[in-house]
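Residue numbers count from 1 along this sequence. Treat the numbers as computed from the prediction; the structure is a model and nothing was measured.
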Amino acid sequence: MNDLFSVDGKVAVVTGGARGLGYTYAEALVSLGARVIICDIIQENIDIAIEKLSTYGIAEGYLVNVSSEAEVIAFVNRVLNKYKNVDILINNAGVVQRVAADKMDGDEWERVMSINVKGTFLCSRYFGEEMKKRKKGKIVNISSIAGRKGLDLRLAYCTSKSAIEHFTRTLAAEWGPDFVQVNAIAPGFIKTSMNEDLRNDPIRYKKMVEQVPLGRFGEPEELVGTLLYLVSSASDYVTGQTIFVDGGIITK
């Protein structure tokens with residue numbers, strides 16, 4: 001039982017891991033003994049993150065656009081050449097765009113879908129190939145309450161997160177016989193830089209908090225328990241699930 005939630009010695013990849021919730025996931029994993037590899041799209045942010053993460057343990061970072069198949073393949077090859085296998089994949093890289101549907105063009109729609117959905121597919125597909133061969137692996141996709149709840153000015157984002165939920169279920173069904181588990185976390189209103197402007201608007205902030213049965217925004221660290229559950233042996237008979245960490249929003 002002592003090892004039920006252990007990630008000690010595991011190799012974990014976190015996409016979009018240089019800032020925000022991705023960094024929180026990476027920090028939690030490396031501080032508990034995992035060897036963590038992050039990727040992101042701004043080298044400066046990667047360098048800052050790795051400097052901090054390395055104070056806890058083994059961490060390294062790469063510049064990768066997850067919507068580029070060639071870049072993802074090169075990233076996967078570099079990681080596997082060094083570590084031989086990956087135990088945990090956190091598909092966290094994502095973007096949100098707040099724009100009215102009738103003001104959005106095709107390029108804006110494509111950008112959100114390419115990073116949020118295509119990026120999750122590409123990383124799962126290429127890291128998952130090794131997991132399937134080894135008959136072992138944990139994939140955690142990052143969805144959102146937006147996958148179930150319509151949010152104004154976020155048509156592309158909501159659509160992408162809904163896709164992530166069904167992607168999770170479908171891949172779990174296909175890869176279950178190979179003992180690769182695929183689950184998702186769906187955060188609610190969590191304090192991040194992505195929603196700082198909304199929290200700074202007293203009227204908008206009050207309306208958002210009123211939607212939360214627990215009456216407040218969540219802290220990034222409050223997602224860590226669910227993450228550790230899904231990437232450890234504690235969840236060995238769980239796959240295809242989306243766990244909401246949202247203070248109860250989805251119940252309303």
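In this structure, the side chains of N195 and F217 come closer than 4.5 Å at one or more pairs of heavy atoms. Residues V11 and I37 are in side-chain contact: their nearest non-hydrogen atoms beyond the backbone lie under 4.5 Å apart.
Geometrically, K52 engages Y23 in a cation-pi contact, judged by NZ or CZ lying under 6.0 Å from the ring centre and within 45° of the ring axis.
Here the side chain of S162 pairs no donor or acceptor atom with the backbone of C158 at under 3.5 angstrom. T239 places a side-chain N or O within donor-acceptor distance of the main-chain N or O of V182, the cut-off being under 3.5 Å. The main-chain N or O of V86 is found under 3.5 Å from a side-chain atom of R134 such that the two form a donor-acceptor pair.
When only modelled atom types and interatomic distance are considered, K138 and S235 share a side-chain donor-acceptor pair under 3.5 Å. In the model, E71 has no side-chain atom that pairs as donor or acceptor with a side-chain atom of Y62 under 3.5 Å. Using a 3.5 Å distance cut-off with no hydrogens or angles, the side chains of N116 and S160 do pair a donor with an acceptor. Between the side chains of S114 and E110, at least one donor-acceptor pair of N or O atoms lies under 3.5 Å.
Partner of N91 under the side chain to side chain donor-acceptor pair (under 3.5 Å) criterion, out of T120, N141, T168: N141 alone. When V140, V231, I142 are each tested for a side-chain contact (heavy atoms from CB on, under 4.5 Å) with Y25, only one passes: I142. Here the options are L29, V7, V14, V245, the test is side-chain contact (heavy atoms from CB on, under 4.5 Å), and the partner is L227; only L29 passes.
Comment: K118 does not engage E69 in a salt bridge, judged by the lack of any side-chain N to carboxylate O separation of less than 4.0 angstrom. The pair E129-R125 meets the salt-bridge criterion, with a side-chain N (NZ, NE, NH1 or NH2) lying under 4.0 Å from an Asp/Glu carboxylate O.
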Exercise for the section: Give the C-alpha distance, both sets of side-chain angles, the deciding distance and a yes or no for side-chain hydrogen bond (donor to acceptor under 3.5 Å, both in side chains) between S67 and N65. Expected result: CA-CA 5 Å; S67 68; N65 176 357; 2.7 Å; yes
Exercise for the section: Output, in order, the C-alpha distance, side-chain angles, deciding distance and verdict of side-chain hydrogen bond (donor to acceptor under 3.5 Å, both in side chains) for Q97 and Y157. Expected result: CA-CA 7 Å; Q97 226 166 355; Y157 182 73; over 6 Å; no
Exercise for the section: Output, in order, the C-alpha distance, side-chain angles, deciding distance and verdict of salt bridge (Lys or Arg N to Asp or Glu O under 4.0 Å) for D152 and R204. Expected result: CA-CA 12 Å; D152 64 327; R204 185 70 180 257; 3.1 Å; yes
Practice task
Test Y126 against F121 for ring-ring contact (aromatic ring centres under 6.0 Å, His included), laying out the working first.
Solution key: CA-CA 9 Å; Y126 289 106; F121 158 69; 7.5 Å; no
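Counting only residues at least two apart or in different chains, side-chain hydrogen bond (donor to acceptor under 3.5 Å, both in side chains) contacts with residues 216-233 comprise K191-E219, R216-E222.
Counted within 6.0 Å of CZ on R19, heavy atoms from surrounding residues, nucleotides or ligands total 12 or fewer; the atom is thus considered open. Summarising the local packing, NZ of K206 is surrounded by 12 or fewer heavy atoms from other residues, nucleotides or ligands at distances under 6.0 Å.
For the atom pair CD1 of I41 and OG1 of T15, the computed distance is 11.0 Å after rounding to the nearest 0.5 Å.
L21 and I38 fall within a single hydrophobic cluster, where Ile, Leu, Val, Met, Phe, Trp and Tyr side chains are chained together by heavy-atom contacts under 4.5 Å. Taken together through direct or relayed side-chain contacts under 4.5 Å among Ile, Leu, Val, Met, Phe, Trp and Tyr, V13 and I58 form part of one hydrophobic cluster.
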